Amino acid sequence: MASLRLPVTPGTPRDPLRSQALRPYAATRALLALALAGTALAAPAAATAAPAPVAARAASLALAAPDISLTNVKAHLQQFQTIATSNGGNRRSNTAGYTASVNYVYNKLVAAGFSVVKQNCTSGCTSGAGPNVIADWPGGDANTVYMFGAHLDGVAAGPGINDNASGSSTLLEIALTLAATNPSMLNHVRFGWWTDEEQGLNGSEFYANSLPAAERTKIKGYFNFDMVGSTNGGYFINRITSGVGQVLKAYYDTNFPGLNPEENVEGAGRSDDASFNAVGIQTSGVAAGASANKTSAQVAKWGGTTGDYDPCYHSSCDTYPANINDTVLNRAGDAAAYALWTLATGTPATTVWTDTFETATGWTTNPSATDTATTGAWERGDPGDTNSSGAKQLGTTVSGSNDLVTGRLAGTAAGDYDLDGGVTSVRSPAVTLPASGTINLSLNWYLAHGTNSSSADYFRVSIVHNTGTAVLFTQAGAASNRNGSWALGTWNISAYAGQSVRILITAADASTASLVEAGVDDVKITVS
C-alpha cells in the first residue's frame with residue numbers, strides 16, 4: 001500500500017487468530033439473495049432496489065465457491081521471497097525483482113489458459129517501471145465484467161511480502177483455481193497486477209485512465225487486495241456499504257459471526273481501488289491493515305494487541321514466512337473467491353422477452369384497464385393530467401434513441417412534457433411467463449429533477465398479473481439522481497410463473513414547480 005508516513009519500527013509478529021471455521025456457502029448465498037434481491041411481489045408496497053448488478057447475481061444463485069488453498073497461496077509467497085532475495089532484496093517497480101515477479105505471474109497464467117498481456121505504463125509511471133499484468137478468463141457476458149486486482153510491486157526497503165505479495169499471491173491462486181475448476185461463466189472476469197503502486201498508484205491509474213468510456217461502463221465492480229495477511233491484522237472491507245462491498249461482508253458475516261469487518265478507513269485513497277473510483281467504477285476489496293494501531297475494541301473482536309496492524313510495514317522485516325498471519329490470509333482468499341463465484345459464475349439465463357426500443361415501437365394511447373386489442377404494442381396512459389402543454393406521457397424519442405422518457409429535461413427532441421403535478425405511465429404488451437424456473441425482470445431506468453426534490457415524486461415498476469397489480473420497485477424523487485444517470489434494476493417475478501403479465505411503468509410529479517424526467521430502456525425478462 002502506498003505510504004503516507006515513514007516506516008515504523010519492526011515489532012514481534014503476533015500469534016494467528018482462531019482457526020478457520022467451515023464455510024456454509026449455500027447459507028451465505030441464500031442470505032445474500034434475501035438481502036439484495038428486493039422482491040416484495042405480493043403487496044403493493046414501495047421497495048428499494050439493491051445495486052442492480054449485485055442483486056441480479058444474488059438472485060440467480062451462482063455456483064458454490066471452492067476453498068482457496070492456503071498452502072498454494074503460501075507457495076507463491078515463498079516464490080516472491082526467493083525472487084526478492086535473488087534480486088537485491090526487494091521487488092520495487094523499476095528493478096529486476098519486479099521483472100522476475102511479472103514473469104512468474106505471467107507464466108503461471110498463460111499456462112492455465114488465460115489471455116494475458118503485459119501492459120507497459122507509457123505515462124505517469126516511475127522511469128523504468130515494469131508493466132501491469134492483465135489476464136482475462138474466457139467466457140461470460142463481455143458487457144458485464146468483474147475485475148480483481150492487486151499491486152505487484154514493493155518498496156525498496158524489503159521484499160514486500162505482506163505489502164503486497166500477500167494480495168498478489170491470493171489473486172494468483174484465485175485465478176488458477178478458476179482455471180482448474182472451469183465453472184460455467186455468467187459474467188466476464190478480469191484480473192490485474194499493478195506496477196508502481198508504491199510510487200503513487202501509477203500503474204492502475206494508467207490502466208483505468210486508458211480505458212475507453214465504453215469499456216469502463218462494462219466493468220460493474222473492481223475488487224482490490226492489498227496487505228491481506230498482516231500479522232496483527234484486522235478484517236477490513238473497502239467501501240463496505242457499496243453493492244460489491246456487501247458481497248464480501250455477507251461472506252464474513254455468515255461464516256464468522258461476531259467478526260464484524262469494518263470499513264477500511266486507513267486505506268481509503270491509498271491503494272489501486274482509488275484509480276477505479278476516480279473513473280466512476282464501483283469498488284471494494286479486502287485489507288488487513290498497515291501502520292495504524294489496532295484499537296482495544298478491535299482486539300476484543302479479532303485478538304492481537306493494540307499495536308500496528310503490520311509492525312513490519314514498509315520495512316526490511318516484511319519477509320516470508322515471519323510477516324504473514326495465516327488465518328487472516330486464508331479468510332481473505334476465501335472471501336475473494338466467494339465474491340467472484342457469486343457475481344460471475346452460473347448458467348446464463350435464457351431471455352424470454354425483451355424490448356430495447358432501438359427499433360420503431362408500435363403505440364396506442366390511453367388504453368382502458370381491460371384493453372386486449374393492442375397485444376404486441378406498448379400502451380401510453382395519461383390518467384388525468386390536463387396541463388396545457390399537451391399530453392404528459394412516457395414514450396418519447398430522445399436524442400435519436402427510442403428510450404421511453406418524459407420531461408422537459410429530455411431536451412427539445414422530446415417536446416414539452418413537464419408533468420406539472422401529473423402522473424404518467426406506459427404498459428407493455430402481454431407476456432406469457434415460463435411455468436417454472438427463476439424468472440427475473442430487468443430494465444435500465446432513471447428519474448431526474450430540475451429544481452424540485454419532493455419525495456412525493458416517484459418512478460415505479462409494477463407487474464399487472466391475473467388478479468391485480470403488484471409494485472416491484474418505487475424510487476422516490478428526493479433520493480433520485482438529478483442528472484438522470486441510468487441505473488439497472490432487477491426483480492424476481494417467479495411468483496407469476498405461467499401467467500400472462502404486463503409491465504407497468506409509472507412516473508409522478510408532485511409539484512408544478514418541478515421539472516421531472518423519467519426514463520426506461522432495455523426491458524428484459526429472463527429465466528434460469
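Fair warning: this is a prediction, and the values are worked out from it, not measured in the lab.
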Would you mind listing every salt bridge (charged side-chain N to carboxylate O under 4.0 Å, His left out) that reaches into [range], with sequence neighbours excluded?
| range | result |
| --- | --- |
| residues 115-128 | none |
| residues 168-191 | D136-R190 |
| residues 238-260 | R239-D273, K249-D253 |
| residues 224-238 | none |

Does the side chain of [X] come under 3.5 Å of the side chain of [Y] through a donor N or O and an acceptor N or O?
| X | Y | answer |
| --- | --- | --- |
| Y235 | R331 | yes |
| N224 | H151 | no |
| D308 | S291 | no |
| T122 | N120 | no |

Test: disulfide (SG to SG under 2.5 Å). Region: [range]. Which pairs qualify, not counting sequence neighbours?
| range | value |
| --- | --- |
| residues 185-300 | none |
| residues 165-223 | none |
| residues 239-286 | none |
| residues 94-125 | C121-C125 |

Mind checking the [atom1]-[atom2] spacing from [X] to [Y]? Nearest 0.5 Å is all I need.
| X | Y | atom1 | atom2 | result |
| --- | --- | --- | --- | --- |
| Y222 | F276 | OH | CZ | 5.0 Å |
| L201 | M1 | CG | CE | 10.5 Å |
| K220 | T144 | NZ | OG1 | 5.5 Å |
| L343 | L186 | CG | CG | 10.0 Å |
| N238 | L248 | CG | CG | 8.5 Å |
| L329 | I324 | CG | CD1 | 5.5 Å |

Checking the side chain of [X] only, and the main-chain atoms of [Y] only, is there a donor and an acceptor separated by less than 3.5 Å?
| X | Y | answer |
| --- | --- | --- |
| Q246 | I240 | yes |
| S315 | Y313 | yes |
| T438 | V527 | no |
| E266 | G289 | no |
| T217 | A214 | yes |
| Q282 | G243 | yes |
| R91 | P159 | yes |
| S275 | E205 | yes |
| N164 | G154 | no |
| T170 | G167 | no |

Closest contact, heavy atoms only, [X] versus [Y]:
| X | Y | value |
| --- | --- | --- |
| S242 | T283 | OG-O, 3.2 Å |
| T526 | A349 | CB-CB, 3.7 Å |
| V244 | G221 | CG1-CA, 4.1 Å |
| I83 | A100 | CG2-CB, 3.6 Å |

Quick one: are the ring centres of F114 and W193 less than 6.0 Å apart? no
Between F236 and Y309, ring centroids under 6.0 Å: yes
Counterpart residues, side-chain hydrogen bond (donor to acceptor under 3.5 Å, both in side chains), relative to T126 (two or more places apart): D196
Which of parallel (below 30°), tilted (30 to 60°) and perpendicular (above 60°) describes Y104 and F80? perpendicular
Could you go step by step and tell me if F225 and W194 meet the ring pair (Phe, Tyr, Trp, His ring centres under 6.0 Å) rule? CA-CA 11 Å; F225 301 90; W194 310 118; over 10 Å; no
In sequence, state the C-alpha distance, the side-chain angles, and the governing distance for S230 and N162, and then conclude on side-chain hydrogen bond (donor to acceptor under 3.5 Å, both in side chains). CA-CA 6 Å; S230 304; N162 186 42; 3.0 Å; yes
Can you sort out the partners of E263 under salt bridge (Lys or Arg N to Asp or Glu O under 4.0 Å), two or more places apart, ordered by chain and number? none
For K524, enumerate each residue passing the salt bridge (Lys or Arg N to Asp or Glu O under 4.0 Å) test, keeping only those at least two apart in sequence or located in another chain. none
Between side-chain atoms of residues 106-113 and protein atoms elsewhere (two or more places apart, or another chain), which donor-acceptor pairs fall under 3.5 Å?
residue, atom, partner, partner atom, Å
N107, ND2, N103, O, 3.1

Where do L172 and F191 land on the side chain to side chain contact (heavy atoms under 4.5 Å, CB included) test, with the steps shown first? CA-CA 9 Å; L172 179 58; F191 297 89; over 6 Å; no
Qualifying residue, where the test is side chain to side chain contact (heavy atoms under 4.5 Å, CB included) with T231 and the options are D326, D318, N323, V328: N323
